[in-house]
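The structure appears right after this line, and notes come after that.
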Amino acid sequence: MGKLMHDFNCTRADDMNFELMAERTRYLKEDPKGVSEMCQIESL
């Protein structure tokens, strides 16, 4: 449980314990398509 909470508080995907969550975070924060998705969701 502690490792999962750590991942929720991480700002960098490279610091995360769970690779699946790190991959999704990397996509949403670093990939131009993912960043675009987040911007569209935020504006709703």
Side-chain angles (χ1 to χ4, degrees):
M1 184 68 118
K3 288 183 178 183
L4 183 60
M5 294 306 297
H6 171 268
D7 284 2
F8 280 124
N9 288 312
C10 281
T11 56
R12 295 183 51 225
D14 293 338
D15 295 336
M16 292 183 167
N17 295 304
F18 296 97
E19 191 57 35
L20 182 62
M21 187 179 290
E23 287 175 17
R24 187 66 179 163
T25 300
R26 198 172 286 115
Y27 171 74
L28 292 171
K29 289 189 170 195
E30 298 173 11
D31 187 277
K33 289 181 184 178
V35 172
S36 177
E37 280 183 40
M38 288 300 289
C39 290
Q40 289 174 1
I41 291 169
E42 189 176 272
S43 67
L44 295 176

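Nothing fancy with the numbering, it's 1 onward along the sequence. These numbers come from the heavy atoms of this one structure, side chains and all, not from hydrogens, waters or symmetry mates.
To the nearest 0.5 Å, the span separating CZ on Arg24 from CE on Met21 amounts to 12.0 Å. For the atom pair Thr25 OG1 and Asp31 CG, the distance stands at 13.0 Å (nearest 0.5 Å). Taking CG of Leu28 as the reference point, atom OG of Ser36 lies at 11.0 Å (rounded to 0.5 Å). Between Glu23 atom CD and Glu19 atom CD the span is 5.0 Å, to the nearest 0.5 Å.
Residues Thr11 and Lys29 approach most closely at O-NZ, 3.4 Å, considering heavy atoms. Nearest heavy-atom pair across Glu37 and Tyr27 is OE2-OH, 2.5 Å. Of all heavy-atom pairs between His6 and Asp15, the closest is CE1-O, 3.1 Å.
Side-chain contact check for Arg12 versus Glu30: every heavy-atom pair is 4.5 Å or farther apart.
Without hydrogens or angle criteria, Asp7 side chain to Met16 main chain gives no donor-acceptor distance under 3.5 Å.
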